[in-house]
Amino acid sequence: MKNSLMRFIAGRASTIVDNPTYSSWRFYCSPTSSSTRPPPNGKLFVAGLSWSVDEKSLKDAFSFFGQVSEVRIMYDKDTGRSRGFGFVHFSKEDEARCAKDAMDGKALLGRPLRISFALEKIRGAPVVVPRLPNGNA
DNA sequence: GATGAGCGT
């Protein structure tokens with residue numbers, strides 16, 4: 001909470017970093033934004049990350065919008081550097097909505113963030129080819 | 001020593 005990452009998100013909140021009063025944080029999150037239908041999973045796909053952003057920085061940044069349950073950044077297996085995108089899991093879908101609407105398009109560590117709702121990625125499950133029971137291949 | 005749209009073991 002006392003990380004300086006907040007300053008990259010909201011530049012005007014530089015004085016609130018060490019203050020417990022977050023009265024200046026107005027993210028205009030519509031509680032009932034029924035205009036769009038987000039996937040009710042609460043998972044966010046965060047791309048456009050800088051290559052020097054790690055998971056704890058992301059979680060620290062997104063924790064202001066809600067309770068982040070999981071943060072995953074994809075790193076390259078060869079170079080070990082981040083691939084520039086990751087995933088943020090929120091406890092509530094409204095918080096994910098809030099974080100997306102608030103952080104999408106804005107810059108984190110100098111690079112503009114591109115947030116969208118994550119897809120339903122099944123772990124380790126390759127795309128199963130639906131075999132029709134007709135047997136005609 | 002670089003790069004920059006994207007959907008994950």
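Because the structure is a prediction, the values reported are computed rather than measured. So you know, we letter chains A, B, ... as the sequences are listed, proteins then strands, and number each from 1.
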Could you check how far [atom1] of [X] sits from [atom2] of [N], rounded to whole Å?
| X | N | atom1 | atom2 | answer |
| --- | --- | --- | --- | --- |
| A:Trp51 | B:dG4 | CH2 | P | 7 Å |
| A:Asp78 | B:dT3 | CG | P | 19 Å |
| A:Glu70 | B:dC7 | CD | P | 20 Å |
| A:Arg81 | B:dT3 | CZ | P | 11 Å |
| A:Arg83 | B:dA5 | CZ | P | 15 Å |
| A:Tyr75 | B:dG4 | OH | P | 21 Å |
| A:Phe85 | B:dA5 | CZ | C1' | 10 Å |
| A:Leu49 | B:dA5 | CG | P | 14 Å |

Worksheet item: Which of the following nucleotides, B:dT9, B:dC7, B:dG4, is nearest to the side chain of A:Met74?
Response: B:dT9
Worksheet item: A:Gly48 near the nucleic acid: base, sugar-phosphate alone, or nothing, with a heavy-atom cut-off under 4.0 Å?
Response: base
Fill in: Side-chain heavy atoms of A:Val71 within contact of A:Phe90, under 4.5 Å
no
Worksheet entry | Min side-chain heavy-atom separation A:Met74-A:Phe87 under 4.5 Å | yes
Worksheet item: Atom CH2 in A:Trp51, atom CZ in A:Arg81: separation rounded to 0.5 Å?
Response: 8.5 Å
Item to complete: List the atom of A:Lys100, the atom of A:Phe117, and the distance in Å for their closest heavy-atom pair.
Response: CD-CE1, 3.3 Å
Discussion item. For B:dG6 and A:Arg114 - does any side-chain N or O of the residue sit under 4.0 Å from the phosphate oxygens OP1/OP2?
Written reply: yes
